[in-house]
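Worth saying up front: this structure is predicted, and the values here are computed from it rather than measured. Below, all heavy atoms of this structure are taken into account, side chains as well, without hydrogens, waters or symmetry copies.
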Amino acid sequence: MYNDNGVQKVNMKEFFTFFLSWIILTIPISAAYLGIFFLLVFIEGRGSVYLMGPVYNIPYCIFFGFLTAIEASYFFRFKFYKLLYKKEYERYREMDYTANGKGSDKFMKVFCGVIILFSIMGCVFLANWNINFKDAGFVDNTEFFSLEGIYYSYDEIDKVYYKKDRVNDFGDTLDFPSYVISLKSGREIDLYEYGATEDYEKDLIDFFEKKNIHIEK
């Protein structure tokens with residue numbers, strides 16, 4: 001349908017069909033990405049004393065599903081339109097083919113493939129974006145595009161101290177506590193971005209004490 005100026009009118013039925021399919025498809029696609037993510041986290045966590053970080057990346061996997069569903073809804077639009085508006089389905093299908101043609105299908109297949117590849121790679125990096133504490137040492141894999149990380153033995157830790165607050169970019173002091181790993185090399189790893197203090201304090205700090213690491217509370 002076009003207006004007097006030759007501009008295609010917004011079809012609310014098409015928009016609703018797209019929106020509904022987008023929301024519905026987000027659920028199974030997000031579940032698929034989460035399945036990949038949790039499998040990788042499980043593999044990463046084998047032999048670990050404490051794996052810190054991945055659980056906070058779950059929303060990103062859902063976002064990948066949300067993003068992929070936008071493109072995927074293009075290929076399911078006919079099924080949803082037929083389900084919602086059966087009497088108008090054939091006319092809508094003819095109009096869609098006239099307006100889009102096969103070229104749009106080819107482009108969307110390539111574009112959707114790129115988004116899926118990007119999302120899977122994102123799940124891989126998110127699962128590996130962690131600090132992995134093992135019995136003899138820990139792996140600092142907090143660089144997002146790193147898959148191996150840097151290994152430190154516990155002998156390389158000078159101390160672990162409690163940081164009761166922090167200053168943001170605006171100069172405000174925030175009451176967000178965390179523990180900081182201070183290495184003998186001078187490097188410090190603030191655990192604030194990778195886990196809430198109450199989640200890891202008991203298990204991880206007790207483990208550090210068993211390793212005779214100096215704890216400053």
Side-chain angles (χ1 to χ4, degrees), residues 29-68 113-169 174 176-217:
I29 296 173
S30 296
Y33 288 145
L34 286 170
I36 295 171
F37 175 77
F38 283 121
L39 175 62
L40 294 170
V41 170
F42 172 77
I43 295 172
E44 184 76 5
R46 289 183 301 176
S48 297
V49 174
Y50 196 91
L51 183 63
M52 176 178 286
V55 67
Y56 293 95
N57 296 328
I58 290 175
Y60 293 107
C61 297
I62 298 174
F63 172 75
F64 290 149
F66 186 74
L67 189 65
T68 306
V114 171
I115 295 297
I116 292 173
L117 180 61
F118 167 81
S119 299
I120 292 175
M121 291 302 298
C123 290
V124 172
F125 285 116
L126 288 170
N128 284 275
W129 191 17
N130 59 58
I131 303 177
N132 194 346
F133 296 95
K134 299 177 181 290
D135 187 62
F138 70 97
V139 179
D140 174 18
N141 202 13
T142 54
E143 293 292 333
F144 183 71
F145 291 105
S146 171
L147 293 177
E148 295 183 358
I150 303 173
Y151 177 82
Y152 297 99
S153 68
Y154 292 117
D155 292 335
E156 296 180 68
I157 297 178
D158 179 45
K159 63 181 178 180
V160 175
Y161 67 90
Y162 182 77
K163 185 176 182 179
K164 66 177 182 179
D165 53 33
R166 61 201 64 251
V167 178
N168 64 15
D169 295 335
L174 305 178
F176 294 148
S178 69
Y179 281 89
V180 180
I181 299 174
S182 179
L183 301 172
K184 293 177 180 178
S185 64
R187 187 185 175 207
E188 293 191 338
I189 303 172
D190 191 341
L191 302 182
Y192 169 73
E193 295 183 6
Y194 310 102
T197 305
E198 59 271 18
D199 291 340
Y200 66 78
E201 185 172 26
K202 184 179 184 303
D203 296 331
L204 195 55
I205 301 305
D206 286 351
F207 175 73
F208 285 155
E209 290 177 338
K210 291 177 181 178
K211 290 294 181 179
N212 297 316
I213 297 172
H214 177 59
I215 308 295
E216 290 184 0
K217 294 185 179 181

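Of all heavy-atom pairs spanning Lys217 and Ile205, the tightest one is CE-CG2, 3.9 Å. The minimum heavy-atom distance between Ser48 and Lys134, with the atom names listed, is OG-NZ, 4.0 Å. For Ser30 against Gly65, the heavy-atom pair with the smallest separation is OG-CA, 3.4 Å. Across all their heavy atoms, Leu40 and Cys123 have their closest contact at CD1-O, 4.0 Å. Across every non-hydrogen atom of Leu191 and Ser178, the tightest pair is C-CB, 4.4 Å. When all heavy atoms of Glu201 and Tyr179 are compared, the pair lying nearest together is OE2-OH, 2.7 Å.
Partner of Phe64 under the side-chain contact (heavy atoms from CB on, under 4.5 Å) criterion, out of Ile115, Leu34, Leu126: Leu126 alone. A side-chain contact (heavy atoms from CB on, under 4.5 Å) with Ile58 is found for one member of Tyr33, Phe63, Phe37 and no other, namely Phe37.
Under the 30°/60° scheme for interplanar angles, the aromatic rings of Phe133 and Tyr154 are found to lie parallel.
Distance NE2/His214 to CD1/Ile157: 12.5 Å, rounded to 0.5 Å. In this structure, the separation between CE on Met52 and CG on Asn132 is 11.0 Å, given to the nearest 0.5 Å. Between Lys163 atom NZ and Asp190 atom CG the span is 5.0 Å, to the nearest 0.5 Å. Asn130 contributes atom CG, which lies 9.0 Å from atom CG of Asn57 (distance to the nearest 0.5 angstrom). Distance check, rounded to the nearest 0.5 Å: CD1 of Ile150 to CD1 of Ile131 gives 11.5 Å.
Between the side chain of Asn141 and the main chain of Asn128, a donor-acceptor pair closer than 3.5 Å is present.
Other residues, nucleotides and ligands contribute over 12 non-hydrogen atoms within 6.0 Å of the OH atom of Tyr151. More than 12 heavy atoms of other residues, nucleotides or ligands sit less than 6.0 Å from atom OH of Tyr162. At most 12 non-hydrogen atoms from other residues, nucleotides or ligands lie less than 6.0 angstrom from OH of Tyr60. No more than 12 heavy atoms of other residues, nucleotides or ligands shown are found within 6.0 angstrom of CD on Glu143.
Of the N and O atoms on the side chains of Ser185 and Tyr152, not one donor lies less than 3.5 Å from an acceptor on the other residue.
Residues Leu183 and Asp158 form no side-chain contact, since every pair of their non-hydrogen atoms from C-beta on lies 4.5 Å or further apart. Residues Leu204 and Phe208 meet the side-chain proximity criterion, which asks for heavy atoms closer than 4.5 Å. At a threshold of 4.5 Å between non-hydrogen side-chain atoms, the residues Tyr50 and Tyr200 count as touching.
Between Lys211 and Asp135 there is a salt bridge, since at least one side-chain N of the basic residue sits less than 4.0 Å from a carboxylate O of the acidic one.
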For the pair Asp140 and Thr142, evaluate side chain to side chain donor-acceptor pair (under 3.5 Å) and give the outcome as yes or no after the intermediate values. CA-CA 6 Å; Asp140 174 18; Thr142 54; 2.7 Å; yes
Evaluate the criterion side chain to side chain donor-acceptor pair (under 3.5 Å) for residue pair Tyr161 and Glu188; output intermediate values, then yes/no. CA-CA 10 Å; Tyr161 67 90; Glu188 293 191 338; 3.0 Å; yes
